[in-house]
Amino acid sequence: MKKKTFEAIVCIFAATALLYLSGCSKEKPPAVMGVKENAVIPQRPPVEGLELTDSRTGFLEYRNINNNELLYQPAVLLKLKNIRKEEFPENVRFLATFISNGEEWATATANFRGPADTPLQPGIVRQLRLQCSVGYKSYLSVPKAEVRCVIYADDKEFKEVKIDSRILPSNRF
């Protein structure tokens with residue numbers, strides 16, 4: 001067998017394997033019991049039982065006392081309310097990816113459970129702060145900043161926001 005023919009066959013097998021493993025084959029997926037073939041299946045919200053009541057974005061001052069450095073770091077503040085009739089005992093892991101000019105700056109994580117590992121009571125709101133570890137050294141850079149943040153809740157995309165070009169007065173609402 002010629003070398004070019006052999007390489008072509010290997011490429012075809014590799015492409016076929018890639019399509020098969022990624023789920024992009026032309027075969028129809030199996031039908032779901034009790035659902036019509038062309039029915040629209042509603043997507044489950046990323047965090048069932050929590051409602052995002054408010055959010056705020058901007059830059060927070062961060063003072064690193066170890067090397068006497070002041071940074072203006074992008075941050076997202078979230079208010080989440082328990083809309084269940086019972087307490088919300090689960091811990092939800094929020095992950096924020098901060099992106100500027102097509103480059104990932106850093107990620108930040110926060111667990112929804114409180115510091116005492118207490119469940120959230122019905123109708124109560126809890127605040128969450130996701131703050132980037134990277135920032136600007138001068139407040140003069142903040143008005144020109146082009147930063148966005150993609151937030152995931154338990155590895156499911158939750159929300160994407162543009163970071164406002166303003167300095168937040170507090171890490172709370």
Side-chain angles (χ1 to χ4, degrees), residues 14-15 18-19 21-24 42-173:
L18 184 64
L19 283 173
L21 292 174
S22 67
C24 294
Q43 294 295 312
R44 239 184 71 184
V47 183
E48 200 169 302
L50 289 180
E51 176 184 53
L52 179 65
T53 60
D54 202 358
S55 66
R56 188 172 293 165
T57 66
F59 288 79
L60 288 170
E61 280 188 5
Y62 170 75
R63 191 171 305 276
N64 185 341
I65 58 172
N66 292 329
N67 60 1
N68 199 25
E69 181 179 55
L70 178 65
L71 288 176
Y72 294 90
Q73 300 173 328
V76 177
L77 307 176
L78 303 173
K79 275 190 177 183
L80 299 158
K81 181 179 182 179
N82 179 5
I83 57 172
R84 294 181 180 171
K85 293 188 188 323
E86 67 274 350
E87 62 185 26
F88 191 91
E90 296 97 49
N91 184 25
V92 179
R93 182 176 175 266
F94 285 88
L95 174 100
T97 302
F98 294 89
I99 301 165
S100 178
N101 297 324
E103 179 184 353
E104 182 178 305
W105 273 13
T107 58
T109 58
N111 289 318
F112 183 68
R113 280 231 171 128
D117 208 24
T118 56
L120 187 62
Q121 298 303 311
I124 302 294
V125 174
R126 184 173 284 164
Q127 291 190 31
L128 199 66
R129 182 189 76 217
L130 296 159
Q131 186 171 345
C132 187
S133 61
V134 176
Y136 294 109
K137 290 186 177 185
S138 171
Y139 70 91
L140 296 173
S141 299
V142 171
K144 300 177 279 185
E146 291 288 329
V147 182
R148 65 186 173 93
C149 180
V150 182
I151 304 168
Y152 300 89
D154 284 339
D155 299 324
K156 297 175 190 158
E157 191 167 329
F158 181 70
K159 186 174 182 69
E160 182 171 341
V161 294
K162 181 187 179 311
I163 304 296
D164 291 335
S165 296
R166 64 179 173 156
I167 296 174
L168 294 171
S170 172
N171 63 2
R172 306 275 300 161
F173 279 83

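Index from 1, following the sequence.
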### Task
Output the distance between atom CD1 (Ile124) and atom OG1 (Thr118), rounded to the nearest 0.5 Å.
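With rounding to 0.5 Å, CD1 (Ile124) is 11.0 Å from OG1 (Thr118).
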### Task
Mind listing the closest non-hydrogen atom pair of Leu120 and Phe112 along with its distance?
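Closest approach of Leu120 to Phe112, heavy atoms only: CD2-CZ, 3.5 Å.
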### Message
If the condition is side-chain hydrogen bond (donor to acceptor under 3.5 Å, both in side chains), which residues does Asp164 pass it with, not counting sequence neighbours?
### Response
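For Asp164 the side-chain hydrogen bond (donor to acceptor under 3.5 Å, both in side chains) partners, ignoring immediate neighbours, are Thr57.
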### Whether over 12 other heavy atoms sit under 6.0 Å from Asn64 CG
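Yes, enclosed.
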### Task
May I ask you to check whether over 12 heavy atoms, not counting those of Lys79, lie within 6.0 Å of atom NZ?
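Count over threshold, so yes.
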### Message
Between Gln127 (side chain only) and Phe173 (backbone N and O only), is there a donor and an acceptor less than 3.5 Å apart?
### Response
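The answer is yes, because a donor-acceptor pair under 3.5 Å joins these two groups.
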### Message
For the CG atom of Leu80 and the OG1 atom of Thr53, what is their distance to the nearest 0.5 Å?
### Response
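Answer for the CG-OG1 pair, Leu80 versus Thr53, is 7.0 Å.
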### Residues which pass side-chain contact (heavy atoms from CB on, under 4.5 Å) with Lys144, listed by chain and number, not counting sequence neighbours
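Result, side-chain contact (heavy atoms from CB on, under 4.5 Å) vs Lys144: none returned.
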### Query
Taking atom CG of Leu50 and atom CZ of Arg84, what is their separation to the nearest 0.5 Å?
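If I round to the nearest 0.5 Å, the distance is 7.0 Å.
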### Query
Do Glu61 and Tyr72 touch side chain to side chain, with heavy atoms closer than 4.5 Å?
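Yes, close enough: below the 4.5 Å cut-off.
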### Query
Looking only at heavy atoms, what is the nearest atom pair of Cys132 and Ala106, with distance?
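Scanning both residues completely, I find the closest heavy atoms to be SG-CB, 3.8 Å.
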### Task
Before giving the answer on side-chain contact (heavy atoms from CB on, under 4.5 Å), spell out for Leu60 and Arg129 the whole-Å C-alpha distance, their side-chain angles and the decisive distance to 0.1 Å.
CA-CA 11 Å; Leu60 288 170; Arg129 182 189 76 217; 3.8 Å; yes
### Query
Side-chain contact, heavy-atom cut-off 4.5 Å: Pro119 with Phe88?
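No; the side chains remain at least 4.5 Å from each other.
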#### Entry: Heavy-atom closest contact (Leu71 atom, Gly135 atom, distance)
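Smallest interatomic distance, heavy atoms only, reads CD2-O, 3.9 Å.
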### Gap separating the CG atom of Asn111 from the CD atom of Glu90, nearest 0.5 angstrom
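It comes to 13.5 Å.
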### Message
Working to the nearest 0.5 angstrom, can you tell me the gap between Ile83 CD1 and Glu48 CD?
### Response
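Between Ile83 CD1 and Glu48 CD, I get 8.5 Å after rounding to 0.5 Å.
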### Residues that Glu51 engages under salt bridge (charged side-chain N to carboxylate O under 4.0 Å, His left out), provided they are two or more places apart
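Per chain and number, Glu51 pairs via salt bridge (charged side-chain N to carboxylate O under 4.0 Å, His left out) with no residue.
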If you look only at distance, which donor and acceptor atoms sit under 3.5 Å apart when one is on a side chain in residues 92-105 and the other is two or more places apart or in another chain?
unit_1, atom_1, unit_2, atom_2, d
Ser100, OG, Glu146, O, 3.0

### Query
Lys85: what forms a salt bridge (charged side-chain N to carboxylate O under 4.0 Å, His left out) with it, not counting sequence neighbours?
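Testing Lys85 for salt bridge (charged side-chain N to carboxylate O under 4.0 Å, His left out), a comparison that skips the adjacent residues, returns none.
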### Message
Using every non-hydrogen atom in the two residues, find where Gln73 and Gln131 come nearest and quote the distance to one decimal.
### Response
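Of all heavy-atom pairs spanning Gln73 and Gln131, the closest is OE1-NE2, 2.6 Å.
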### Message
I need the Glu157 CD to Ile151 CD1 distance, nearest 0.5 Å.
### Response
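Here the interatomic distance stands at 9.5 Å.
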### Worked verdict on Gln121 versus Asn82 for side-chain contact (heavy atoms from CB on, under 4.5 Å)
CA-CA 7 Å; Gln121 298 303 311; Asn82 179 5; 5.8 Å; no
### Task
Would you name the heavy atoms of Ile163 and Pro74 that are closest together and state the gap between them?
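Nearest heavy atoms, Ile163 then Pro74: CG2-CB, 4.1 Å.
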### Query
Residues two or more places apart in sequence or in another chain: which of them pass salt bridge (charged side-chain N to carboxylate O under 4.0 Å, His left out) with Glu160?
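Checked Glu160 against salt bridge (charged side-chain N to carboxylate O under 4.0 Å, His left out); matches are Arg148.
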### Message
For Ala108 versus Leu130, what's the shortest heavy-atom pair and its separation?
### Response
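It is O-CD2, 4.0 Å.
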